Amino acid sequence: MLTFSFANGDRLPALGLGTWKAAPGAVYTAVLEALSIGYRHIDCAPIYQNEAEVGKALTKAFAAGQVDRQELWLTSKLWNGSHGPEQVQPALKKSLTDLGVDYIDLYLIHWPVIFKSGVTYPRRADDYLPFSIDSLSQTWQALEACKTAGLVRHIGVCNFSVAKLRALQSEAGIRPEMNQVELHPYLQQNDMLNFCRDNGILVTAYSPLGSGDRPAALKKAEEPILLDNPTVVRIAEKHGCTAAQVLLAWALARKTAAIPKSVNPERLQQNLSAAELVIDEQDMADIAALDRGYRFVDGAFFTGKGSPYTVAGIWDERR
Ligand code: NDP
(Lines give C-alpha, C1' and ligand atoms only; values in the text may rest on other atoms or scores of the structure.)
Protein backbone atom coordinates (compact mmCIF):
# COMPACT_ATOMS: atom_id res chain seq x y z
CA MET A 1 0.00 0.00 0.00
CA LEU A 2 1.20 3.48 -0.88
CA THR A 3 2.04 5.53 2.23
CA PHE A 4 2.77 9.20 3.00
CA SER A 5 5.47 9.96 5.55
CA PHE A 6 5.37 12.29 8.52
CA ALA A 7 8.53 14.17 9.50
CA ASN A 8 9.46 11.50 12.07
CA GLY A 9 9.15 8.75 9.46
CA ASP A 10 5.74 7.40 10.55
CA ARG A 11 3.80 6.29 7.50
CA LEU A 12 0.15 6.96 6.82
CA PRO A 13 -1.50 4.35 4.55
CA ALA A 14 -2.76 6.44 1.65
CA LEU A 15 -6.14 4.74 1.33
CA GLY A 16 -8.24 4.61 4.49
CA LEU A 17 -11.80 3.80 5.50
CA GLY A 18 -14.23 6.62 6.33
CA THR A 19 -16.86 5.93 9.00
CA TRP A 20 -19.19 8.97 8.90
CA LYS A 21 -22.82 7.95 8.31
CA ALA A 22 -21.89 4.28 8.65
CA ALA A 23 -25.05 3.13 10.39
CA PRO A 24 -25.08 1.28 13.73
CA GLY A 25 -24.54 -2.40 13.09
CA ALA A 26 -23.10 -1.78 9.65
CA VAL A 27 -19.85 -0.20 10.79
CA TYR A 28 -18.81 -3.23 12.91
CA THR A 29 -19.07 -5.55 9.92
CA ALA A 30 -17.52 -3.00 7.57
CA VAL A 31 -14.44 -2.48 9.77
CA LEU A 32 -13.88 -6.24 10.12
CA GLU A 33 -14.32 -6.75 6.41
CA ALA A 34 -12.01 -3.82 5.64
CA LEU A 35 -9.27 -5.13 7.92
CA SER A 36 -9.59 -8.62 6.47
CA ILE A 37 -9.02 -7.38 2.91
CA GLY A 38 -6.08 -5.17 3.86
CA TYR A 39 -7.24 -1.71 4.98
CA ARG A 40 -4.83 -0.39 7.63
CA HIS A 41 -6.16 3.15 8.11
CA ILE A 42 -9.51 4.01 9.69
CA ASP A 43 -10.89 7.51 10.02
CA CYS A 44 -13.08 8.01 13.08
CA ALA A 45 -14.67 10.76 15.15
CA PRO A 46 -16.82 10.80 18.25
CA ILE A 47 -19.46 12.87 16.44
CA TYR A 48 -20.02 9.94 14.07
CA GLN A 49 -21.55 8.23 17.12
CA ASN A 50 -19.97 4.92 16.23
CA GLU A 51 -16.47 4.90 17.75
CA ALA A 52 -17.50 2.26 20.33
CA GLU A 53 -18.71 0.02 17.53
CA VAL A 54 -15.52 0.56 15.56
CA GLY A 55 -13.69 -0.30 18.80
CA LYS A 56 -15.59 -3.59 19.14
CA ALA A 57 -14.49 -4.59 15.67
CA LEU A 58 -10.88 -3.58 16.42
CA THR A 59 -10.86 -5.57 19.66
CA LYS A 60 -12.12 -8.61 17.78
CA ALA A 61 -9.54 -8.20 15.02
CA PHE A 62 -6.68 -7.72 17.52
CA ALA A 63 -7.78 -10.77 19.55
CA ALA A 64 -8.00 -12.90 16.42
CA GLY A 65 -4.48 -11.84 15.43
CA GLN A 66 -5.90 -10.43 12.20
CA VAL A 67 -4.01 -7.18 12.65
CA ASP A 68 -1.49 -5.72 15.13
CA ARG A 69 -2.13 -2.35 16.70
CA GLN A 70 1.22 -1.10 15.36
CA GLU A 71 0.23 -1.87 11.75
CA LEU A 72 -3.01 0.05 12.01
CA TRP A 73 -3.45 3.80 11.55
CA LEU A 74 -6.28 5.29 13.62
CA THR A 75 -7.42 8.86 13.26
CA SER A 76 -9.91 10.53 15.60
CA LYS A 77 -11.08 14.08 16.12
CA LEU A 78 -11.89 16.62 18.79
CA TRP A 79 -15.49 17.81 18.58
CA ASN A 80 -16.53 21.47 18.70
CA GLY A 81 -17.98 21.21 22.22
CA SER A 82 -14.66 20.03 23.69
CA HIS A 83 -12.31 22.86 22.74
CA GLY A 84 -11.80 24.04 26.33
CA PRO A 85 -8.18 23.12 27.18
CA GLU A 86 -9.33 21.13 30.23
CA GLN A 87 -11.77 19.18 28.06
CA VAL A 88 -9.31 18.02 25.43
CA GLN A 89 -7.66 15.15 27.27
CA PRO A 90 -10.96 13.76 28.63
CA ALA A 91 -12.46 13.88 25.12
CA LEU A 92 -9.43 12.08 23.74
CA LYS A 93 -9.53 9.51 26.53
CA LYS A 94 -13.19 8.81 25.74
CA SER A 95 -12.19 8.08 22.13
CA LEU A 96 -9.35 5.85 23.35
CA THR A 97 -11.75 3.93 25.58
CA ASP A 98 -14.39 3.62 22.87
CA LEU A 99 -11.85 2.50 20.28
CA GLY A 100 -10.24 0.13 22.81
CA VAL A 101 -6.70 1.39 22.23
CA ASP A 102 -4.11 3.20 24.31
CA TYR A 103 -2.96 5.70 21.69
CA ILE A 104 -4.31 7.29 18.56
CA ASP A 105 -2.08 7.84 15.55
CA LEU A 106 -3.57 11.15 14.49
CA TYR A 107 -5.82 13.47 16.49
CA LEU A 108 -7.44 16.38 14.67
CA ILE A 109 -9.41 19.47 15.64
CA HIS A 110 -12.59 18.63 13.72
CA TRP A 111 -13.73 22.17 12.80
CA PRO A 112 -12.63 25.76 13.34
CA VAL A 113 -15.97 26.16 15.11
CA ILE A 114 -16.46 26.30 18.87
CA PHE A 115 -19.49 25.36 20.93
CA LYS A 116 -20.12 25.92 24.59
CA SER A 117 -18.59 23.19 26.72
CA GLY A 118 -20.41 19.87 26.32
CA VAL A 119 -22.69 20.95 23.45
CA THR A 120 -22.93 18.28 20.77
CA TYR A 121 -25.46 19.90 18.44
CA PRO A 122 -26.20 23.57 19.08
CA ARG A 123 -29.83 24.50 19.55
CA ARG A 124 -29.62 28.08 20.73
CA ALA A 125 -27.49 31.12 19.98
CA ASP A 126 -25.62 30.82 23.27
CA ASP A 127 -24.55 27.25 22.46
CA TYR A 128 -21.97 28.82 20.13
CA LEU A 129 -18.72 30.53 21.07
CA PRO A 130 -16.92 32.74 18.57
CA PHE A 131 -13.78 31.43 16.93
CA SER A 132 -10.60 33.29 17.84
CA ILE A 133 -6.94 32.54 17.31
CA ASP A 134 -6.47 32.98 21.05
CA SER A 135 -8.88 30.21 21.94
CA LEU A 136 -7.63 28.04 19.07
CA SER A 137 -4.14 28.42 20.40
CA GLN A 138 -5.20 27.27 23.88
CA THR A 139 -6.96 24.23 22.43
CA TRP A 140 -3.89 23.48 20.35
CA GLN A 141 -1.61 23.63 23.40
CA ALA A 142 -3.81 20.98 25.00
CA LEU A 143 -3.40 18.81 21.89
CA GLU A 144 0.35 19.34 22.08
CA ALA A 145 0.26 18.11 25.69
CA CYS A 146 -1.59 14.96 24.54
CA LYS A 147 1.16 14.33 22.03
CA THR A 148 3.87 14.90 24.62
CA ALA A 149 2.06 12.48 26.95
CA GLY A 150 2.13 9.81 24.22
CA LEU A 151 -1.65 9.56 23.94
CA VAL A 152 -1.47 10.57 20.28
CA ARG A 153 1.37 10.26 17.78
CA HIS A 154 0.49 13.19 15.52
CA ILE A 155 -1.78 16.22 15.74
CA GLY A 156 -3.53 18.30 13.14
CA VAL A 157 -6.73 19.93 12.01
CA CYS A 158 -9.64 19.53 9.63
CA ASN A 159 -11.47 22.11 7.58
CA PHE A 160 -8.83 24.81 8.07
CA SER A 161 -8.36 27.49 5.43
CA VAL A 162 -4.85 28.61 4.52
CA ALA A 163 -5.43 31.76 6.60
CA LYS A 164 -6.30 29.72 9.69
CA LEU A 165 -3.38 27.35 9.11
CA ARG A 166 -1.02 30.31 8.92
CA ALA A 167 -2.44 31.74 12.15
CA LEU A 168 -2.14 28.40 13.94
CA GLN A 169 1.41 27.86 12.70
CA SER A 170 2.48 31.21 14.07
CA GLU A 171 1.20 30.27 17.55
CA ALA A 172 2.07 26.59 17.66
CA GLY A 173 4.92 24.90 19.49
CA ILE A 174 4.27 21.71 17.50
CA ARG A 175 3.15 22.68 14.03
CA PRO A 176 0.00 21.09 12.58
CA GLU A 177 0.96 17.90 10.76
CA MET A 178 -2.25 17.28 8.83
CA ASN A 179 -5.15 19.20 7.33
CA GLN A 180 -8.08 16.90 6.52
CA VAL A 181 -10.32 18.69 4.03
CA GLU A 182 -12.94 18.01 1.40
CA LEU A 183 -11.18 17.27 -1.90
CA HIS A 184 -12.48 15.85 -5.16
CA PRO A 185 -12.60 17.01 -8.78
CA TYR A 186 -15.38 19.54 -8.06
CA LEU A 187 -13.32 21.04 -5.17
CA GLN A 188 -9.62 20.74 -5.99
CA GLN A 189 -8.19 23.38 -3.61
CA ASN A 190 -4.83 23.70 -5.37
CA ASP A 191 -3.73 26.72 -3.31
CA MET A 192 -4.38 24.74 -0.15
CA LEU A 193 -2.36 21.78 -1.44
CA ASN A 194 0.54 24.02 -2.41
CA PHE A 195 0.53 25.76 0.97
CA CYS A 196 0.48 22.44 2.82
CA ARG A 197 3.25 20.98 0.65
CA ASP A 198 5.42 24.06 1.26
CA ASN A 199 4.81 23.88 5.00
CA GLY A 200 5.28 20.17 5.60
CA ILE A 201 1.60 19.54 6.29
CA LEU A 202 0.12 16.29 4.93
CA VAL A 203 -3.37 16.43 3.46
CA THR A 204 -6.21 13.92 3.61
CA ALA A 205 -9.08 14.13 1.12
CA TYR A 206 -12.44 13.61 2.74
CA SER A 207 -15.63 12.95 0.76
CA PRO A 208 -13.38 11.86 -2.13
CA LEU A 209 -16.34 10.30 -3.96
CA GLY A 210 -18.51 13.38 -3.52
CA SER A 211 -20.16 12.13 -0.31
CA GLY A 212 -23.39 10.18 -0.19
CA ASP A 213 -26.30 12.47 -0.81
CA ARG A 214 -27.16 14.36 -3.93
CA PRO A 215 -27.09 17.97 -2.78
CA ALA A 216 -29.85 20.36 -3.77
CA ALA A 217 -27.44 22.75 -5.49
CA LEU A 218 -26.23 20.11 -7.96
CA LYS A 219 -29.79 18.98 -8.58
CA LYS A 220 -30.85 22.55 -9.24
CA ALA A 221 -27.97 23.12 -11.63
CA GLU A 222 -28.76 19.73 -13.22
CA GLU A 223 -25.13 18.78 -12.77
CA PRO A 224 -24.23 15.12 -12.45
CA ILE A 225 -22.99 13.77 -9.15
CA LEU A 226 -19.27 13.08 -9.32
CA LEU A 227 -19.65 9.35 -9.83
CA ASP A 228 -21.77 10.06 -12.94
CA ASN A 229 -19.63 12.86 -14.31
CA PRO A 230 -19.09 12.06 -18.04
CA THR A 231 -15.35 12.83 -17.92
CA VAL A 232 -14.83 10.59 -14.90
CA VAL A 233 -16.96 7.84 -16.45
CA ARG A 234 -15.05 8.07 -19.75
CA ILE A 235 -11.68 7.75 -17.95
CA ALA A 236 -13.04 4.76 -16.03
CA GLU A 237 -14.09 3.09 -19.28
CA LYS A 238 -10.66 3.75 -20.75
CA HIS A 239 -8.95 2.01 -17.82
CA GLY A 240 -11.58 -0.72 -17.40
CA CYS A 241 -12.31 0.36 -13.82
CA THR A 242 -15.08 2.17 -11.96
CA ALA A 243 -15.67 5.90 -11.60
CA ALA A 244 -15.00 5.61 -7.85
CA GLN A 245 -11.59 4.09 -8.57
CA VAL A 246 -10.73 6.96 -10.92
CA LEU A 247 -11.63 9.49 -8.22
CA LEU A 248 -9.50 7.69 -5.63
CA ALA A 249 -6.53 7.18 -7.98
CA TRP A 250 -6.73 10.91 -8.78
CA ALA A 251 -6.62 11.77 -5.07
CA LEU A 252 -3.58 9.56 -4.47
CA ALA A 253 -1.83 10.90 -7.58
CA ARG A 254 -2.09 14.37 -6.00
CA LYS A 255 -0.28 12.94 -2.95
CA THR A 256 -3.28 13.26 -0.68
CA ALA A 257 -4.52 10.38 1.44
CA ALA A 258 -8.16 9.48 0.74
CA ILE A 259 -10.74 8.03 3.12
CA PRO A 260 -13.79 6.83 1.17
CA LYS A 261 -16.61 5.53 3.33
CA SER A 262 -18.31 2.29 2.44
CA VAL A 263 -20.15 -0.43 4.33
CA ASN A 264 -20.53 -2.58 1.23
CA PRO A 265 -18.00 -5.44 0.83
CA GLU A 266 -17.75 -5.13 -2.93
CA ARG A 267 -17.22 -1.37 -2.80
CA LEU A 268 -14.73 -1.71 0.07
CA GLN A 269 -12.65 -3.97 -2.17
CA GLN A 270 -13.12 -1.76 -5.19
CA ASN A 271 -11.98 1.33 -3.27
CA LEU A 272 -8.92 -0.39 -1.81
CA SER A 273 -7.89 -1.66 -5.26
CA ALA A 274 -7.90 1.91 -6.55
CA ALA A 275 -4.49 2.30 -4.89
CA GLU A 276 -3.10 0.09 -7.69
CA LEU A 277 -4.61 2.16 -10.50
CA VAL A 278 -2.39 4.65 -12.31
CA ILE A 279 -4.12 7.35 -14.32
CA ASP A 280 -2.15 9.26 -16.94
CA GLU A 281 -1.28 12.92 -17.50
CA GLN A 282 -4.13 13.42 -19.95
CA ASP A 283 -6.60 12.03 -17.40
CA MET A 284 -5.18 14.40 -14.76
CA ALA A 285 -5.54 17.35 -17.15
CA ASP A 286 -9.11 16.38 -18.06
CA ILE A 287 -10.06 16.07 -14.39
CA ALA A 288 -8.33 19.38 -13.56
CA ALA A 289 -10.89 21.04 -15.85
CA LEU A 290 -13.78 19.83 -13.67
CA ASP A 291 -13.00 22.11 -10.71
CA ARG A 292 -15.90 24.35 -9.75
CA GLY A 293 -15.11 25.11 -6.10
CA TYR A 294 -18.14 23.08 -5.04
CA ARG A 295 -18.41 21.97 -1.41
CA PHE A 296 -20.66 19.06 -0.42
CA VAL A 297 -19.81 19.70 3.25
CA ASP A 298 -19.91 23.48 3.49
CA GLY A 299 -20.39 23.90 7.25
CA ALA A 300 -23.86 25.43 6.80
CA PHE A 301 -25.00 23.26 9.70
CA PHE A 302 -23.03 25.59 12.01
CA THR A 303 -24.74 28.74 10.81
CA GLY A 304 -28.14 28.33 12.49
CA LYS A 305 -30.11 31.16 14.07
CA GLY A 306 -27.93 33.35 16.28
CA SER A 307 -24.70 31.58 15.27
CA PRO A 308 -21.62 33.81 14.94
CA TYR A 309 -20.48 31.57 12.06
CA THR A 310 -21.08 32.01 8.33
CA VAL A 311 -20.13 29.66 5.54
CA ALA A 312 -17.86 32.29 3.98
CA GLY A 313 -16.23 32.97 7.37
CA ILE A 314 -15.52 29.30 8.07
CA TRP A 315 -13.57 29.01 4.80
CA ASP A 316 -12.25 32.59 4.80
CA GLU A 317 -13.75 32.98 1.33
CA ARG A 318 -15.29 36.08 -0.16
CA ARG A 319 -18.79 35.35 -1.43
P1 NDP B 1 -17.50 9.59 0.35
O2 NDP B 1 -17.09 10.52 -0.71
O3 NDP B 1 -16.54 8.65 0.91
O4 NDP B 1 -18.78 8.82 -0.20
C5 NDP B 1 -19.44 7.85 0.57
C6 NDP B 1 -20.67 7.39 -0.21
O7 NDP B 1 -20.27 6.75 -1.42
C8 NDP B 1 -21.50 6.40 0.55
O9 NDP B 1 -22.85 6.64 0.21
C10 NDP B 1 -21.05 5.05 0.00
O11 NDP B 1 -22.10 4.11 0.10
C12 NDP B 1 -20.75 5.39 -1.44
N13 NDP B 1 -19.66 4.60 -2.02
C14 NDP B 1 -18.54 4.15 -1.42
N15 NDP B 1 -17.76 3.49 -2.27
C16 NDP B 1 -18.41 3.51 -3.46
C17 NDP B 1 -18.10 3.00 -4.75
N18 NDP B 1 -16.97 2.31 -4.98
N19 NDP B 1 -19.00 3.19 -5.75
C20 NDP B 1 -20.14 3.87 -5.52
N21 NDP B 1 -20.48 4.39 -4.33
C22 NDP B 1 -19.62 4.22 -3.30
O23 NDP B 1 -18.18 10.49 1.48
P24 NDP B 1 -18.01 10.84 3.01
O25 NDP B 1 -18.63 12.18 3.13
O26 NDP B 1 -18.47 9.73 3.86
O27 NDP B 1 -16.44 11.04 3.23
C28 NDP B 1 -15.58 9.97 3.55
C29 NDP B 1 -15.08 10.07 4.98
O30 NDP B 1 -14.38 11.28 5.20
C31 NDP B 1 -16.19 10.11 6.04
O32 NDP B 1 -16.81 8.86 6.21
C33 NDP B 1 -15.41 10.60 7.23
O34 NDP B 1 -14.65 9.56 7.80
C35 NDP B 1 -14.51 11.66 6.57
N36 NDP B 1 -15.11 13.02 6.62
C37 NDP B 1 -14.49 13.95 7.42
C38 NDP B 1 -15.02 15.21 7.55
C39 NDP B 1 -14.35 16.20 8.43
O40 NDP B 1 -14.96 17.24 8.73
N41 NDP B 1 -13.13 15.97 8.85
C42 NDP B 1 -16.26 15.61 6.85
C43 NDP B 1 -16.79 14.58 5.98
C44 NDP B 1 -16.22 13.34 5.89
P45 NDP B 1 -21.88 2.61 0.71
O46 NDP B 1 -21.42 2.75 2.12
O47 NDP B 1 -23.25 2.01 0.59
O48 NDP B 1 -20.87 1.95 -0.19
Side-chain angles (χ1 to χ4, degrees), residues 14-31 33-34 37 39 41-51 53-54 73-80 95 99 106-113 156-161 164 176 178-187 189 192 202-215 218 224-229 232-233 236 241-251 256-275 277 294-302 314-315:
L15 211 295
L17 174 67
T19 59
W20 182 35
K21 295 191 196 157
V27 76
Y28 175 80
T29 320
V31 169
E33 174 66 17
I37 62 174
Y39 281 79
H41 167 184
I42 303 181
D43 183 75
C44 311
I47 195 63
Y48 303 160
Q49 314 280 357
N50 57 17
E51 280 195 327
E53 198 177 319
V54 172
W73 187 279
L74 286 179
T75 298
S76 186
K77 311 185 189 103
L78 180 77
W79 188 237
N80 308 350
S95 286
L99 292 167
L106 177 62
Y107 199 53
L108 306 173
I109 294 181
H110 206 148
W111 283 90
V113 169
V157 294
C158 307
N159 299 306
F160 267 45
S161 63
K164 290 189 176 83
M178 169 67 71
N179 193 17
Q180 183 184 113
V181 288
E182 179 176 343
L183 285 174
H184 44 68
Y186 288 172
L187 183 69
Q189 306 212 57
M192 163 73 70
L202 292 178
V203 177
T204 298
Y206 79 62
S207 304
L209 307 177
S211 214
D213 313 319
R214 184 180 165 84
L218 282 186
I225 57 167
L226 261 176
L227 290 164
D228 293 341
N229 180 281
V232 176
V233 169
C241 67
T242 67
Q245 289 176 314
V246 169
L247 296 172
L248 296 171
W250 174 83
T256 63
I259 45 172
K261 172 262 176 186
S262 184
V263 293
N264 173 293
E266 199 186 304
R267 293 195 282 270
L268 281 169
Q269 181 61 65
Q270 203 190 101
N271 296 346
L272 187 67
S273 310
L277 173 68
Y294 186 85
R295 290 182 192 280
F296 289 92
V297 184
D298 65 4
F301 29 77
F302 303 131
I314 290 172
W315 308 112

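Quick caveat, the model's predicted, so the values are computed rather than measured. Atoms within a ligand are numbered from 1 in the order they appear, just like the ligands themselves.
In this pair, F302 and W79 present their aromatic rings tilted. The plane angle is within the 30 to 60° band.
Side-chain atoms of K261 and T19, non-hydrogen and from C-beta on, never get closer than 4.5 Å to each other.
Using 4.0 Å as the threshold, Y48 has a heavy atom nearer than that to some atom of ligand 1. Residue Q270 places a heavy atom less than 4.0 Å from ligand 1. The shortest separation from a heavy atom of N271 to ligand 1 is under 4.0 Å, placing the residue in contact.
Taking all heavy atoms of Q245, K21, K261 into account, the minimum distance to atom 46 (O) of ligand 1 is reached by K261. The heavy atom nearest to atom 48 (O) of ligand 1, out of those in A23, G299, A274, S262, is found in S262.
Distance CG/L106 to CG/L74: 10.0 Å, rounded to 0.5 Å. The CG atom of D298 lies 8.0 Å from the CD1 atom of I314; values are rounded to the nearest 0.5 Å.
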Would you be so kind as to tabulate the donor-acceptor pairs closer than 3.5 Å made by side chains of residues 242-251, with sequence neighbours excluded?
unit_1, atom_1, unit_2, atom_2, d
T242, OG1, Q245, N, 3.2
T242, OG1, Q245, OE1, 3.4
T242, OG1, Q270, OE1, 2.8
Q245, OE1, T242, N, 3.0
Q245, NE2, Q270, O, 2.9

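Close approach of ligand 1 to P260 is summarised as follows: ligand atoms under 4.0 Å from at least one heavy atom of the residue are 3 (O). Close approach to C158 involves these atoms of ligand 1, each under 4.0 Å from a residue heavy atom: 41 (N). Listed by number with element, the atoms of ligand 1 under 4.0 angstrom from any heavy atom of L227 are 20 (C), 21 (N). Below 4.0 Å from some heavy atom of W20 lie the following atoms of ligand 1, by number and element: 25 (O), 31 (C), 32 (O), 33 (C), 34 (O), 43 (C), 44 (C). The contact set between ligand 1 and D43, taken as ligand atoms under 4.0 Å from a residue heavy atom, comprises 33 (C), 34 (O), 35 (C). Close approach to H110 involves these atoms of ligand 1, each under 4.0 Å from a residue heavy atom: 39 (C), 40 (O), 41 (N). Taking a cut-off of under 4.0 Å to the non-hydrogen atoms of A244, the atoms of ligand 1 that pass are 17 (C), 18 (N), 19 (N). Below 4.0 Å from some heavy atom of I259 lie the following atoms of ligand 1, by number and element: 28 (C), 29 (C), 30 (O), 35 (C).
Of the heavy atoms in P208, both backbone and side-chain atoms come closer than 4.0 Å to ligand 1.
Under the 6.0 Å cut-off for aromatic ring centres, H184 and F296 qualify, their centroids lying closer than that.
Ion pairing between a basic and an acidic side chain is recognised when a charged N comes within 4.0 Å of a carboxylate O; D43 and K77 show such pairing.
Considering backbone and side-chain N/O atoms, N159 comes within less than 3.5 Å of an N/O atom of ligand 1.
Of the possible donor and acceptor atoms, none in the side chain of E182 sits under 3.5 Å from a partner among the backbone N and O of R295.
A donor and an acceptor atom, one from each side chain of N229 and Y186, are located under 3.5 Å apart.
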Before giving the answer on side-chain hydrogen bond (donor to acceptor under 3.5 Å, both in side chains), spell out for Q269 and S273 the whole-Å C-alpha distance, their side-chain angles and the decisive distance to 0.1 Å. CA-CA 6 Å; Q269 181 61 65; S273 310; 3.2 Å; yes
